[in-house]
Amino acid sequence: MTTANRHEAETEVASPDKSELRKMLTEKDVLAIVRIGRSTLWRLERAGRFPRGVHIAPNTKRWYLDEIASWQRAIAEHDPHFNPARGRGKARRRVSANAT
């Protein structure tokens, strides 16, 4: 086996299976999963804070499901302000410092 063939064989073993299909999502699917608006999705994507979609045809864009899932895990793990018990919106209960 030549050096080039050996390197090529090692690369094939080390790389993931390229024949495995990845599920692609439409914009509607992404917005249903992430629960944000279209303009927010666009802004996050442009800022590099959300996985970029892939143009598969003119005016047709798709996102990979595995990239969206890993983005969600990263947000939950690394967001210093993430506190699931804090409540949402204006009506959340405020705890004063004097309360016992």
Side-chain angles (χ1 to χ4, degrees):
M1 183 181 270
T2 65
T3 306
N5 290 342
R6 188 178 317 129
H7 178 67
E8 190 174 309
E10 290 172 359
T11 305
E12 288 179 17
V13 172
S15 64
D17 185 19
K18 293 180 182 173
S19 64
E20 185 178 325
L21 298 177
R22 297 168 63 190
K23 183 168 172 93
M24 298 180 94
L25 304 173
T26 63
E27 181 180 25
K28 185 177 180 180
D29 296 335
V30 172
L31 296 176
I33 291 171
V34 181
R35 308 301 276 170
I36 58 176
R38 291 179 71 203
S39 58
T40 303
L41 175 66
W42 181 78
R43 271 186 262 134
L44 288 172
E45 191 175 0
R46 291 228 13 189
R49 296 174 50 206
F50 191 81
R52 285 217 176 260
V54 178
H55 285 279
I56 60 174
N59 299 324
T60 305
K61 193 173 190 179
R62 299 291 186 260
W63 288 262
Y64 289 110
L65 177 61
D66 58 344
E67 291 179 1
I68 303 296
S70 62
W71 174 81
Q72 286 178 321
R73 283 189 295 274
I75 291 294
E77 291 173 2
H78 301 294
D79 186 6
H81 303 291
F82 180 73
N83 181 1
R86 75 176 176 91
R88 299 284 185 257
K90 293 180 181 179
R92 77 177 146 212
R93 177 181 286 186
R94 295 177 192 244
V95 178
S96 66
N98 297 333
T100 57

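These numbers were taken from a predicted model, which means no experiment stands behind them. Each residue takes its place number in the sequence, starting with 1.
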Measure the shortest side-chain to side-chain distance between Trp63 and Met24 over non-hydrogen atoms and say whether it is less than 4.5 angstrom.
no
Partners meeting side-chain contact (heavy atoms from CB on, under 4.5 Å) with Arg46 (sequence neighbours left out)
Trp42
To the nearest 0.5 angstrom, please state how far the CG atom of Asp29 sits from the NZ atom of Lys23.
7.0 Å
Where Arg35 and Ala32 come nearest, the two heavy atoms and their spacing:
CD-O, 3.0 Å
I'd like to check the side-chain contact (heavy atoms from CB on, under 4.5 Å) partners of Ile36; sequence neighbours left out, ordered by chain and number.
Leu31, Val34, Thr40, Leu41, Leu44
In residues 49-56, what donor-acceptor pairs under 3.5 Å come from side-chain atoms, sequence neighbours left out?
none

Decide yes or no on salt bridge (Lys or Arg N to Asp or Glu O under 4.0 Å) for Arg38 and Glu27, but give the supporting numbers first.
CA-CA 8 Å; Arg38 291 179 71 203; Glu27 181 180 25; 3.1 Å; yes
With side chains defined as the heavy atoms from C-beta onward, is the minimum distance between Leu65 and Ile33 less than 4.5 Å?
yes
